[in-house]
Amino acid sequence: MNAEIIDTHCHLNMVQQAGISIEEAFANAKAAGVTSAVLIAVDEESARYHADLVQKKSTPGLQLLWTAGLHPEGADNVSGLQTLFAFVRESRDRLDFLGIGETGLDYYHSTEFVNNQKESFRAHLELSVELQLPIIVHLRDSQKFEPGKIQSVNDAAAMVRETKARGVLHCFTYGYEEAMRFVDMGWFISFSGILTYKNAQVIQDAAARLPLECILVETDAPFLTPNPVRGKPNQPAYTVHTAKFLADLRSKANGEDPDQVLAQIHQNSERFFALKK
Ligand SMILES: [Zn+2]
């Protein structure tokens, strides 16, 4: 398999903090067949860091895109959104600027700031619709997966339906039904290294059953390193492990040709990028 692979979600600033230099990460990514990486912001500082990096570094053979947004865990302080959104407007037409994120809802540690998170998420959704940019959404709940009791998915689906925003659920950790609620609204579903873990049957079932045309892959580096390299800090090059796992999974479940699965995921990433009008 030597398909072209795209890492649709990595935090390069944090990869560097985890001890992998930018040069090393780029060289490894290219050697592994990764042709594009999307550098995802969690706040204004990381967005500006990636914006500068992409402008300064020339990386032939590796396309770099970046985003700007406020992670839900930082949404207890929504007052910073104004300057962040001004930066988004100013960057809108840069060719290397992809879209808005990551934003979303995270009820894992505490639900104390749910209202702030919702206010921030709604503002991101509205901006993405106004500027015709894709949105990258993070969802997490306080409990282990319990079908029918998934609060952040319900809340997010309602808000997406109202605003008609288009984007991706990144690092998907729910089941088929939850994913389909977003797929039916034209969304993409992105799988991280979690897909390769032993206890991930519900996620694997979703990855096998979902329409192939909605699927993306990512690292979320430096977190969530896939098997068989689990234990090391994650980096964009490791997208190939998740992509190949997914291709094998669908080959076993549906008889799909693994190379064709990888080619389709690549096409999906291009369609995701093209949500920016
Ligand atoms: Zn992330």
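Keep in mind the model is a prediction, meaning the values are calculated, not measured. This chain uses plain numbering: 1 for the first residue, then up along the sequence.
Using modelled atom types, one side-chain atom of Arg166 and one backbone atom of Gly186 make a donor-acceptor pair closer than 3.5 Å. Gln204 places a side-chain N or O within donor-acceptor distance of the main-chain N or O of Tyr197, the cut-off being under 3.5 Å. Here the side chain of Asp205 pairs no donor or acceptor atom with the backbone of Gly175 at under 3.5 angstrom. Side-chain N or O atoms of Thr219 include none that pairs as donor or acceptor with a backbone N or O of Tyr238 at under 3.5 Å. In this structure, the side chain of Thr67 does not engage the main chain of Gly99 through any donor-acceptor pair within 3.5 Å. Using a distance-only test at 3.5 Å, with no hydrogens or angles considered, a donor-acceptor pair links the side chain of Lys276 to the main chain of Phe97.
Under 3.5 Å, the side chains of His11 and Gln17 contain no donor-acceptor pair of N or O atoms.
Within 6.0 Å of CD in Gln260 there are 12 or fewer heavy atoms belonging to other residues, nucleotides or ligands. Heavy atoms from other residues, nucleotides or ligands lying under 6.0 Å from CD of Glu270 number more than 12.
Qualifying salt bridge (charged side-chain N to carboxylate O under 4.0 Å, His left out) partners for Glu256, counting only residues two or more places apart in sequence or in other chains: Arg250.
Contact of the Ser120 side chain with the Leu81 side chain is registered, since non-hydrogen atoms from C-beta on lie closer than 4.5 Å. Contact of the Leu133 side chain with the Val88 side chain is registered, since non-hydrogen atoms from C-beta on lie closer than 4.5 Å.
Checked for salt-bridge contact, Glu130 and Arg92 miss the test: no charged N lies under 4.0 Å from a carboxylate O.
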For a side chain to side chain contact (heavy atoms under 4.5 Å, CB included) check, start with the C-alpha distance between Arg89 and Leu131, then their side-chain angles and the critical distance, and finish with the verdict. CA-CA 8 Å; Arg89 288 176 188 281; Leu131 300 182; 3.9 Å; yes
Apply side-chain hydrogen bond (donor to acceptor under 3.5 Å, both in side chains) to Asp43 and Ser46, showing your working. CA-CA 6 Å; Asp43 54 17; Ser46 49; 2.7 Å; yes
Go through it in stages, so that I can follow the logic: the residues are Glu23 and Phe26, the test is side chain to side chain contact (heavy atoms under 4.5 Å, CB included), and I'd like the CA-CA distance, side-chain angles, deciding distance and then a yes or no. CA-CA 5 Å; Glu23 287 70 25; Phe26 288 163; 6.0 Å; no
Begin from the C-alpha positions of Leu53 and Trp66 and carry the test side chain to side chain contact (heavy atoms under 4.5 Å, CB included) through to its verdict. CA-CA 10 Å; Leu53 179 87; Trp66 59 280; over 6 Å; no
Take Ser152 and Tyr174 through the side chain to side chain contact (heavy atoms under 4.5 Å, CB included) test and state the conclusion after the steps. CA-CA 11 Å; Ser152 71; Tyr174 300 100; 3.2 Å; yes
Asn268/Arg271 under side-chain hydrogen bond (donor to acceptor under 3.5 Å, both in side chains): CA gap, chis, key distance, verdict: CA-CA 5 Å; Asn268 299 345; Arg271 276 183 18 251; 3.0 Å; yes
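Screening Trp187, Phe188, Phe172 for a ring-ring contact (aromatic ring centres under 6.0 Å, His included) involving Phe182 leaves a single residue, Trp187. Screening Leu210, Thr196, Thr8 against Phe191 for a side-chain contact (heavy atoms from CB on, under 4.5 Å) leaves a single residue, Leu210.
For the residue pair Asn28 and Ala237, the shortest heavy atom distance occurs at O-CB, 3.4 Å.
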